[in-house]
Undergrad: 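Attaching a single structure in structure tokens format; questions to follow.
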There are 2 protein chains.
Amino acid sequence: MEKHDFRELFDRALASHQVFVFFCNCEIRYSGRAEAYLPRGDRLIIIKEDQSLLVHQPVNGNPVNYLKPGAELRLEAEDGLVLRARSGKDFLDVRLFRVYDAMAGKLEDGQKQVLQGNERDMSDMIKDNPELISPDFIPLSREEHTKFGFIDVFGHDGAGNLVVVECKRYTASLACVTQLRRYVEKIEELKGVRGVKGVMASPAISANALAMLEQWGFRHVAVQPPKRLERHNKGQSGLQGFF
Amino acid sequence: MEKHDFRELFDRALASHQVFVFFCNCEIRYSGRAEAYLPRGDRLIIIKEDQSLLVHQPVNGNPVNYLKPGAELRLEAEDGLVLRARSGKDFLDVRLFRVYDAMAGKLEDGQKQVLQGNERDMSDMIKDNPELISPDFIPLSREEHTKFGFIDVFGHDGAGNLVVVECKRYTASLACVTQLRRYVEKIEELKGVRGVKGVMASPAISANALAMLEQWGFRHVAVQPPKRLERHNKGQSGLQGFF
DNA sequence: ATATAGATCTCGTCA
DNA sequence: TGACGAGGTCTATAT
């Protein structure tokens with residue numbers, strides 16, 4: 001693609017807040033929170049209507065380089081073609097050796113994704129079904145920013161002991177256990193009590209994490225994160241009937 | 001764009017492992033680690049040569065939907081146009097109402113980014129310049145997976161006390177301090193000693209984190225992550241001379 | 001395969 | 001604005 005044609009497309013796309021994508025051969029320098037150099041190669045570059053910038057290599061899901069929305073973008077054509085961009089304290093210089101193909105379009109989309117099965121849904125489920133933790137667990141609050149910290153589910157047991165439940169939607173690690181421990185200790189310190197119970201609610205827990213959990217007198221309860229829309233793909237494109 | 005033309009482009013691009021991008025109006029359902037629904041709107045969809053899939057809305061840096069590399073992709077044209085994809089246990093159904101434009105290209109890129117200023121560089125710097133921690137700090141190892149955990153810099157002081165240094169390239173939080181505490185306690189437990197010193201090396205630390213750090217008798221040392229390529233953008237496109 | 005921790009993490013939320 | 005924690009986190013590395 002000719003330098004002149006690319007410039008025109010670039011200017012027009014950015015002026016009219018279109019999404020602009022192009023295939024190119026380039027070399028990239030990044031400077032900001034870190035420093036990086038990416039030698040010459042073919043990439044896909046995306047500039048969105050909010051002036052965010054993404055550089056994708058032909059493989060891997062994540063961009064190899066990026067700038068946050070609101071970037072200042074300047075296409076220089078003095079000594080070859082160079083895309084110079086800045087977003088806050090982050091700088092990106094893209095030296096363009098060739099542009100193979102480009103495409104621009106105005107995309108209309110005000111929708112937000114509806115997502116279920118996150119940690120919040122999990123703590124909801126436990127608050128509504130306290131027997132998942134133990135027969136005598138009585139929840140008092142959920143997802144609350146207390147002075148003790150952000151506690152997923154807080155309550156007490158039949159004997160009147162305070163209970164802190166930390167939910168994780170994945171296999172609980174050492175870091176998850178120390179997080180629970182931090183909340184328990186904070187409550188004991190601020191309330192001046194001892195024997196606060198800690199419960200890790202997660203589908204699984206690593207061996208080391210379980211050892212540390214038990215060392216601290218806490219316990220693990222196996223709980224699956226809820227997926228309320230599950231029916232959809234179970235019937236239509238689930239594991240059984242996909243291909 | 002005609003349904004037939006799109007199908008042809010799609011099939012050809014995937015068969016020849018090209019990167020394939022297109023603008024479309026669509027509705028998306030996701031099922032896997034969670035469940036999600038994204039109502040109808042205009043998006044940019046990217047299929048890379050490793051069969052990873054990205055769905056981008058016209059704003060925000062991150063993809064609203066994605067599948068990891070190695071996805072199985074099938075374009076169905078029975079009841080409208082539907083892109084059905086699966087990668088492991090993750091399913092994505094994209095109902096395509098319109099395809100505005102599409103572009104495919106074979107990208108050649110075997111390069112890896114060279115990045116500096118990460119936590120590893122920071123621990124390197126401390127190992128080579130132990131006076132950054134204290135005048136009498138003597139480092140013994142760096143970035144080592146020990147039975148105590150993954151410790152950034154490990155050493156001792158002039159009095160023979162063991163010292164654990166945890167590096168963070170950003171403002172240290174409560175979680176960072178508990179991580180340091182975990183390493184210190186593990187060492188004390190396994191070596192049967194007391195008084196192991198904990199040092200948090202980071203450019204800054206939050207007030208709560210500092211309080212917890214001092215409560216544990218640890219200390220904070222202000223250290224900036226190194227940026228060896230910094231000259232590049234300082235001279236050419238730094239804050240002063242960019243625009 | 002699982003476990004662990006970093007990341008130019010990003011993003012939301014609340015003080 | 002900073003702090004704190006979740007994330008369909010992802011990615012790299014070691015066991």
Side-chain angles (χ1 to χ4, degrees), chain A residues 30-36 52-53 55 60-69 87-92 112-113 115-123 143-147 149-152 166-176 178-179 182-183 204-210 225 227, chain B residues 30-36 52 55 60-69 87-92 112-113 115-123 143-147 149-152 166-179 182-183 204-210 225 227:
Chain A
Y30 163 74
S31 179
R33 282 167 289 180
E35 307 287 317
S52 54
L53 186 150
V55 180
N60 301 325
N62 278 13
V64 68
N65 272 300
Y66 58 90
L67 287 179
K68 288 182 179 172
S87 186
K89 293 177 182 175
D90 293 312
F91 295 81
L92 209 62
K112 283 193 85 170
Q113 183 156 230
L115 195 141
Q116 286 175 318
N118 52 16
E119 200 179 281
R120 190 196 178 92
D121 290 329
M122 202 168 158
S123 63
E143 289 264 321
E144 235 175 288
H145 287 268
T146 68
K147 56 187 169 185
F150 182 81
I151 292 174
D152 289 339
E166 176 60 33
C167 301
K168 293 295 168 192
R169 54 194 313 292
Y170 48 84
T171 302
S173 66
L174 288 169
C176 302
T178 54
Q179 185 185 353
R182 178 152 54 86
Y183 295 152
I205 185 167
S206 77
N208 286 343
L210 182 60
K227 296 183 189 177
Chain B
Y30 162 74
S31 179
R33 279 166 290 180
E35 308 285 319
S52 54
V55 180
N60 301 326
N62 277 13
V64 67
N65 271 299
Y66 58 87
L67 286 178
K68 288 181 181 171
S87 185
K89 292 175 181 175
D90 292 313
F91 295 82
L92 209 61
K112 284 193 86 171
Q113 183 156 232
L115 194 141
Q116 286 176 319
N118 55 16
E119 202 179 280
R120 190 198 179 95
D121 292 327
M122 206 169 155
S123 64
E143 289 266 318
E144 234 174 286
H145 287 268
T146 67
K147 56 189 168 184
F150 182 81
I151 292 175
D152 289 340
E166 175 61 31
C167 302
K168 293 295 168 192
R169 59 192 313 291
Y170 48 84
T171 302
S173 66
L174 289 169
C176 302
V177 177
T178 53
Q179 184 185 353
R182 178 151 54 85
Y183 296 152
I205 186 167
S206 76
N208 286 343
L210 182 60
K227 296 182 186 177

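Below, chain A is the first sequence line, B the second, and so on; all start at residue 1. In this text, all values refer to a predicted model and were calculated from it rather than measured experimentally.
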Undergrad: CD1 of B/Ile205 versus P of D/dG2: gap in Å, rounded?
TA: 17 Å
Undergrad: On DNA chain D, nearest-nucleotide positions of A/Arg169 versus A/Asp152: which is more 5'?
TA: A/Asp152
Undergrad: Between the base of D/dG8 and the side chain of B/Asp90, is there a donor and acceptor pair under 3.5 angstrom?
TA: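 Under the 3.5 Å cut-off, the side chain and the base do form a donor-acceptor pair.
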Undergrad: For the atom pair CE (A/Met122) and SG (A/Cys167), what is the distance rounded to the nearest 0.5 Å?
TA: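 The CE atom of A/Met122 sits 5.0 Å away from the SG atom of A/Cys167.
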Undergrad: By nearest atom, which of the nucleotides D/dC10, C/dG6, D/dA6 is closest to the A/Gln179 side chain?
TA: D/dA6
Undergrad: Contact class for B/Gly61 (heavy atom, under 4.0 Å): base, sugar-phosphate, or nothing?
TA: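 Touches sugar-phosphate only.
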Undergrad: Heavy atoms from C-beta onward define the side chain here; which of D/dA6, C/dA5, D/dC10 lies closest to that of A/Lys168?
TA: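 Shortest atom-to-atom distance from the side chain points to D/dA6.
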Undergrad: Could you check A/Ala207 against B/Asn118 and say which one's nearest nucleotide on DNA chain C is further toward the 5' end?
TA: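 In this pair, the answer is A/Ala207.
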Undergrad: Give me the distance, rounded to whole Å, that separates C/dT8 from C/dT4 when you measure between the P atoms they each carry.
TA: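 C/dT8 and C/dT4 have their P atoms separated by 23 Å.
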Undergrad: Does the side-chain ring of B/Tyr30 sit on the six-membered ring of the D/dG8 base, less than 5.5 Å centre to centre and under 30° in tilt?
TA: yes
Undergrad: From C-beta outward on B/Tyr183, which listed nucleotide comes closest to its side chain: C/dA5, C/dT8, D/dG8?
TA: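 The nucleotide sitting nearest to the side chain is C/dA5.
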Undergrad: In whole Å, what separates the C1' atom of D/dT9 from that of D/dG5?
TA: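 After rounding to an integer number of Å, I get 13 Å for this pair.
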Undergrad: What does B/Glu166 touch in the nucleic acid at a heavy-atom separation under 4.0 angstrom: a base, only the sugar-phosphate, or nothing?
TA: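 Sugar-phosphate contact only - B/Glu166 comes under 4.0 Å of backbone atoms but never of a base.
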Undergrad: Give one of base, sugar-phosphate or nothing for B/Asn65, where a contact means two heavy atoms less than 4.0 Å apart.
TA: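 Base, at least one base heavy atom under 4.0 Å.
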Undergrad: Have a look at B/Tyr170 and say if it touches a base, only the backbone sugar-phosphate, or nothing, with a 4.0 Å heavy-atom cut-off.
TA: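 No contact.
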Undergrad: When you compare the ring of A/Phe150 with the six-membered ring of D/dG5's base, are the centres less than 5.5 Å apart and the planes under 30° from each other?
TA: no
Undergrad: OG1/A/Thr178 to CG/B/Leu174 distance, rounded to the nearest 0.5 angstrom?
TA: 11.0 Å
Undergrad: For C/dA5 versus D/dG7, give the span between their C1' atoms, rounded off to a whole number of Å.
TA: 15 Å
Undergrad: Under 4.0 Å, counting only non-hydrogen atoms across every strand here, what does A/Arg120 touch: a base, just sugar-phosphate, or nothing?
TA: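 A/Arg120: no heavy atom of the nucleic acid under 4.0 Å.
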Undergrad: From the options C/dC11, D/dA3, C/dT8, select the nucleotide whose nearest atom is closest to the side chain of B/Ser206.
TA: D/dA3
Undergrad: At 4.0 Å (heavy atoms only), tell me whether B/Leu67 reaches a base, stays on the sugar-phosphate, or touches nothing.
TA: base
Undergrad: Whole Å only: how far is the CD atom of A/Glu144 from the P atom of C/dA15?
TA: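 Interatomic distance, CD of A/Glu144 to P of C/dA15: 10 Å.
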Undergrad: Quickly work out the A/Asn62 CG to C/dC9 P distance and round it to whole Å.
TA: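 To the nearest whole Å, that distance equals 13 Å.
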